[in-house]
Amino acid sequence: MAVILGDGAYTVRHRGHPAPRDADGLPVLSAPGDPLGPWPGAAREVSENSWSLRLDPGVWPLRAGDVVVGNGHTFVIQGRPSLFTNNASAAVDYVAATATLNPEEVA
């Protein structure tokens, strides 16, 4: 088993869910809400512009489109994050998510 140690404090801005739809039925993301946190966590780049985030369970619920800020980066959550809990000790609970860098940061 590998453990990813925390590397910083992360703030979350949840978007409105469910997202409103445009005239073509496509989701329109709302502006991020008020910042929540900071919570401990870790971010690791797994491939070009794809990041693996491990965050404190205080960020839950986390959804695709939510914005996470920490360690000088702004991430946009992709896919469906997962909450992992441990019956023996809540101290090892965490939220796992994949994210991309905010497009303005991509060089």
Side-chain angles (χ1 to χ4, degrees):
M1 176 173 129
V3 175
I4 299 176
L5 297 176
D7 66 4
Y10 293 82
T11 302
V12 174
R13 292 177 152 232
H14 295 290
R15 294 191 185 265
H17 294 285
R21 304 282 175 161
D22 66 12
D24 296 321
L26 299 172
V28 177
L29 294 178
S30 61
D34 292 333
L36 304 171
W39 287 288
R44 181 173 56 99
E45 189 171 20
V46 292
S47 64
E48 187 174 335
N49 200 32
S50 180
W51 291 74
S52 173
L53 303 181
R54 299 293 184 261
L55 303 167
D56 185 274
V59 305
W60 193 255
L62 194 64
R63 297 180 178 101
D66 287 346
V67 175
V68 177
V69 178
N71 280 4
H73 295 297
T74 301
F75 302 97
V76 178
I77 300 298
Q78 305 295 314
R80 183 176 289 197
S82 299
L83 174 63
F84 292 94
T85 59
N86 183 304
N87 292 334
S89 174
V92 294
D93 293 354
Y94 68 97
V95 174
T98 56
T100 57
L101 283 179
N102 189 14
E104 287 115 28
E105 292 186 46
V106 177

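Hydrogens, waters and symmetry mates are skipped; everything else that's a heavy atom, side chains included, is used. Throughout, numbering of the chain's residues begins at 1 and tracks the sequence.
Under the rule for a ring-ring contact (aromatic ring centres under 6.0 Å, His included), Trp39 has no partner lying at least two apart in sequence or in another chain.
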Would you be so kind as to tabulate the donor-acceptor pairs closer than 3.5 Å made by side chains of residues 78-86, with sequence neighbours excluded?
residue: Gln78; atom: NE2; partner: Val76; partner atom: O; Å: 3.3
residue: Gln78; atom: NE2; partner: Thr100; partner atom: OG1; Å: 3.4
residue: Asn86; atom: OD1; partner: Ala88; partner atom: N; Å: 2.7
residue: Asn86; atom: OD1; partner: Ser89; partner atom: N; Å: 3.2

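With values rounded to the nearest 0.5 angstrom, Tyr10 atom OH is found 8.0 Å from His73 atom NE2. Between atom CG of residue Asp93 and atom CG of residue Asn87 there is a gap of 9.0 Å, rounded to the nearest 0.5 Å. Rounding to the nearest 0.5 Å gives a distance of 11.5 Å between CG of Asp66 and CZ of Arg13.
A single hydrophobic cluster is not seen to contain both Trp60 and Val92; linkage of ILVMFWY side chains at heavy-atom distances under 4.5 Å, directly or through other members, places them apart. Hydrophobic clustering, with ILVMFWY side chains joined whenever heavy atoms are under 4.5 angstrom apart, groups Val59 together with Trp51.
Put simply, the side chain of Asn71 gets close to the backbone of Asp7: a donor and an acceptor are under 3.5 Å apart.
Leu53 is listed as a side-chain neighbour of Ile77, based on a closest heavy-atom distance under 4.5 Å. Side-chain contact check for Thr74 versus Val67: some heavy-atom pair is nearer than 4.5 Å.
Considering all non-hydrogen atoms of both residues, Ala43 and Phe75 come closest at CB-CZ, 3.8 Å.
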